[in-house]
Amino acid sequence: MTEDSDHTFATRFRIPRRMWDAYGRITDRQGTDRTADLVAHVRAVIQQHGTPEDLADLAAAEQELKERRSRKGGRPPKVKPEQ
């Protein structure tokens, strides 16, 4: 699969609002955010259960993230939303 866009893929899924809100509060307390936590979870599942093809895709994805960050001056700083 090739990436035609210069942007990281975004997806949508259904989750109860209260669950999403609680998850956001928890990740805030842990000093992270939902996106970083979800990406870490997906990475761990692939590493634990992935086939050689899945692991190769993970390695390619990690390289893609590294290249995107280097073009944009590194990982953006975390900004806490105003409450």
Side-chain angles (χ1 to χ4, degrees):
M1 181 176 194
T2 61
E3 185 66 35
D4 296 331
S5 174
D6 194 34
H7 300 285
T8 304
F9 174 73
T11 191
R12 294 176 57 173
F13 61 95
R14 294 183 181 273
I15 186 169
R17 170 64 74 174
R18 288 180 175 178
M19 185 183 293
W20 187 246
D21 292 345
Y23 182 48
R25 291 189 302 271
I26 291 164
T27 56
D28 282 347
R29 288 194 301 267
Q30 293 177 329
T32 187
D33 60 39
R34 290 176 280 217
T35 298
D37 192 66
L38 287 167
V39 169
H41 174 73
V42 170
R43 181 182 291 120
V45 169
I46 294 169
Q47 289 170 337
Q48 184 175 1
H49 302 288
T51 65
E53 179 184 12
D54 299 329
L55 296 172
D57 282 348
L58 176 60
E62 297 287 13
Q63 183 61 36
E64 177 185 327
L65 287 173
K66 182 179 175 183
E67 290 170 3
R68 287 179 190 279
R69 289 181 186 132
S70 70
R71 286 195 307 265
K72 296 185 179 196
R75 179 179 287 226
K78 293 180 183 174
V79 177
K80 296 258 183 183
E82 292 187 32
Q83 304 212 1

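By convention here, the first residue in the shown sequence is residue 1.
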Using residues 18-25 as the side-chain source, report each donor-acceptor pair under 3.5 Å to any protein atom, sequence neighbours left out, with the distance given to one decimal.
residue : atom : partner : partner atom : Å
Tyr23   : OH   : Asp37   : OD2          : 2.4

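- In this view, Glu62 and Arg43 satisfy the side-chain hydrogen bond (donor to acceptor under 3.5 Å, both in side chains) rule, not counting sequence neighbours.
- One finds the CZ atom of Phe13 at 5.0 Å from the CD1 atom of Ile15 (value rounded to the nearest 0.5 Å).
- Chaining together hydrophobic side chains whose heavy atoms lie under 4.5 Å apart leaves Ile26 on its own.
- Here Val42 pairs with Ile46 under the side-chain contact (heavy atoms from CB on, under 4.5 Å) rule; sequence neighbours left out.
- Qualifying side-chain contact (heavy atoms from CB on, under 4.5 Å) partners for Gln63, counting only residues two or more places apart in sequence or in other chains: Lys66, Glu67.
- Taking every heavy atom of both residues into account, Gln47 and Leu58 meet most closely at CG-CD2, 3.6 Å.
- Considering only residues two or more places apart in sequence or on other chains, Thr51 meets the side-chain hydrogen bond (donor to acceptor under 3.5 Å, both in side chains) condition with Asp54.
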